[in-house]
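All figures in this text were calculated on a predicted structure; none of them were measured in a lab. In what follows, every chain begins at residue 1, and chains take the letters A, B, ... in the order their sequences are listed.
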Protein chains: 2
Amino acid sequence: MYNIKKIPEHIGVIPDGNRRWAIDRGMEKGDGYAYGVRPGIVLCDLMASYGVKEVTFYGFTKDNNKRPKLQRDSFTQACVDSVNAVANKDANILVVGNENSPLFPNELLPYANKRVNFGSGKININFLVNYDWKLDLEVGIKNNSLKNTMSKDIAKIDLIIRWGGRRRLSGFLPVQSVYADFFVLDNYWPDFKEEDFFAAMEWYQTCDVTLGG
Amino acid sequence: MYNIKKIPEHIGVIPDGNRRWAIDRGMEKGDGYAYGVRPGIVLCDLMASYGVKEVTFYGFTKDNNKRPKLQRDSFTQACVDSVNAVANKDANILVVGNENSPLFPNELLPYANKRVNFGSGKININFLVNYDWKLDLEVGIKNNSLKNTMSKDIAKIDLIIRWGGRRRLSGFLPVQSVYADFFVLDNYWPDFKEEDFFAAMEWYQTCDVTLGG
């Protein structure tokens, strides 16, 4: 164990680059997603062991659903497998997204927009599945409060880590991300290694969190 | 003039590092802001000449108002001077922020939450002044539509450029920024140079804008 002084309470994870990883290996684009399941499990364990209280994974979005069916099936299955792999551990699981759509996987309905606690609940693990940032905010509008968006049970984010080199949020939780520090790794998500987490932590130590003050 | 293939339609500017710049020169923290006015004028001219259609400057926020009065006075004055310097040119000026507060400068009331057109209106120049991302969204909730937030007249942002090394949005237009590519320069805003803009443009050419598709 490294000694890390300042641990972010809540980390957002954008596990990008699965398709580019597959192309580099001469595979079909959609075949990369299955290789992104194991990295998520390893990262969750690592975060829990360092005292991170909450992590939110960007699964797939309404925008992503424009992609071909084969890719959709692959990223949906990867989300199901990822959630099942971390449920039943000491974690509280929440899946946020539009469950009233055939594109929301039935297997994840038990966690859809309500948190399910397992074991000693050391860490909150959230997944955005069939998520739509616009709908997220529109639920808040319907409920007449910014505190009652679709993602209301997801806390403010301190640090966002994105794999795959792109420097943008791509619709990731606009309200929770307003003050988040943003760290980008060039390697693709299926090539995740523990050092990525430590690189993010090392950089986070240098961030002076002011919240505008 | 360089030949730039892909010009972002709308650029967000986070002109950070004014106080750190001042400290490095043995000046009072708040004295840096006055040196940030001229860079804004130069950058506006540069953007207009390259065909950028809209630019939004992060002036100051409700969060920033927690700072000492001397600093508040300085950044408020810098905003007033910046707006006055680009108004009366061929530009359409809009100031978005909470005008129903003594911290909103009277000098900018003519532009408060309504756009004023000058000359041939080559470019839309927006300033966020006494801006509050929460209030921005709450106005949308009050008006029952995500299309009627306080910043409703500001378009979707393609590229955000932040000076001063920090990698976060700090509450900058959460709705418009959802898909924006995010470029960070380490130099402080008062040290702005034209090359900064070209570095951002060069990087932007490499960004593959997918909007999640």
Side-chain angles (χ1 to χ4, degrees), chain A residues 16 19-20 58 60-68 71 131-149 157-162 164-184 203-204 206-213, chain B residues 16 19-20 58 60-68 71 131-149 157-162 164-184 203-204 206-213:
Chain A
D16 196 24
R19 293 186 296 172
R20 286 172 281 161
Y58 211 7
F60 71 90
T61 64
K62 190 187 169 191
D63 297 322
N64 298 152
N65 288 329
K66 294 174 212 155
R67 299 180 187 165
Q71 286 181 37
Y131 175 80
D132 173 6
W133 69 269
K134 236 181 225 177
L135 179 64
D136 188 1
L137 295 178
E138 281 165 0
V139 169
I141 287 173
K142 201 183 131 207
N143 291 329
N144 217 20
S145 163
L146 203 50
K147 288 187 180 145
N148 280 303
T149 60
I157 296 176
D158 302 298
L159 170 67
I160 294 169
I161 312 177
R162 181 168 185 146
R166 287 179 179 149
R167 297 172 185 272
R168 56 191 180 225
L169 292 180
S170 305
F172 183 74
L173 293 173
V175 167
Q176 286 88 342
S177 302
V178 287
Y179 297 117
D181 284 295
F182 189 42
F183 188 72
V184 177
W203 176 74
Y204 188 70
T206 69
C207 295
D208 169 28
V209 177
T210 62
L211 306 177
Chain B
D16 196 25
R19 293 186 294 173
R20 286 171 283 162
Y58 212 6
F60 71 90
T61 64
K62 190 187 168 192
D63 298 322
N64 299 152
N65 288 329
K66 294 174 212 156
R67 299 178 187 167
Q71 287 181 36
Y131 174 78
D132 173 7
W133 68 270
K134 234 181 228 179
L135 180 64
D136 188 0
L137 296 178
E138 280 165 358
V139 169
I141 288 173
K142 201 181 130 205
N143 292 330
N144 218 20
S145 164
L146 203 49
K147 288 185 179 146
N148 280 302
T149 60
I157 297 177
D158 302 299
L159 171 67
I160 294 169
I161 312 177
R162 180 166 186 148
R166 288 180 179 150
R167 296 173 186 271
R168 57 190 180 226
L169 293 178
S170 306
F172 183 73
L173 293 171
V175 166
Q176 287 88 342
S177 302
V178 285
Y179 296 118
D181 282 295
F182 188 43
F183 188 72
V184 176
W203 176 75
Y204 187 70
T206 70
C207 296
D208 168 28
V209 177
T210 62
L211 304 179

First locate atom CD1 of Ile160(B), then atom CG of Leu169(A), and finally report the distance between them rounded to the nearest 0.5 Å.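 The CD1 atom of Ile160(B) sits 8.0 Å away from the CG atom of Leu169(A).
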Apply salt bridge (Lys or Arg N to Asp or Glu O under 4.0 Å) to Asp158(A) and list each qualifying residue two or more places apart in sequence or on a separate chain.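 Asp158(A): salt bridge (Lys or Arg N to Asp or Glu O under 4.0 Å) contacts with Lys156(A).
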Atom group of [X] that falls short of 4.5 Å from chain A, counting heavy atoms:
| X | answer |
| --- | --- |
| Asn143(B) | neither |
| Val175(B) | both |
| Thr206(B) | neither |

Just give me the residue among Val184(A), Asn144(A), Asn65(A), Thr61(A) that pairs up with chain B most often, heavy atom to heavy atom, under 4.5 Å.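 Winner by heavy-atom pair count: Asn144(A).
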Flag the one option from Gly171(A), Gly140(A), Cys207(A) with the top tally of heavy-atom pairs under 4.5 Å to chain B.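 The residue among Gly171(A), Gly140(A), Cys207(A) with the greatest pair count is Gly171(A).
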Chain B heavy atoms under 4.5 Å from Ser177(A): which part of the residue, side chain, backbone, both or neither?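 Neither; nothing under 4.5 Å.
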With Asp181(A), the salt bridge (charged side-chain N to carboxylate O under 4.0 Å, His left out) member among Arg168(B), Arg166(B), Arg167(B):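 Per the salt bridge (charged side-chain N to carboxylate O under 4.0 Å, His left out) rule, the option paired with Asp181(A) is Arg168(B), out of Arg168(B), Arg166(B), Arg167(B).
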Hey, what's the ring geometry for Trp133(B) with Tyr179(A), parallel, tilted or perpendicular (30° and 60° as the breaks)?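 Geometry flag for Tyr179(A) against Trp133(B): perpendicular rings.
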Heavy-atom pair count under 4.5 Å with chain A, highest-scoring of Lys66(B), Lys62(B), Arg67(B):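 Counting heavy-atom pairs under 4.5 Å, the top option is Arg67(B).
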Please report the closest heavy-atom contact between Ile141(A) and Leu146(B), naming both atoms and the distance.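 Scanning both residues completely, I find the closest heavy atoms to be CD1-N, 3.3 Å.
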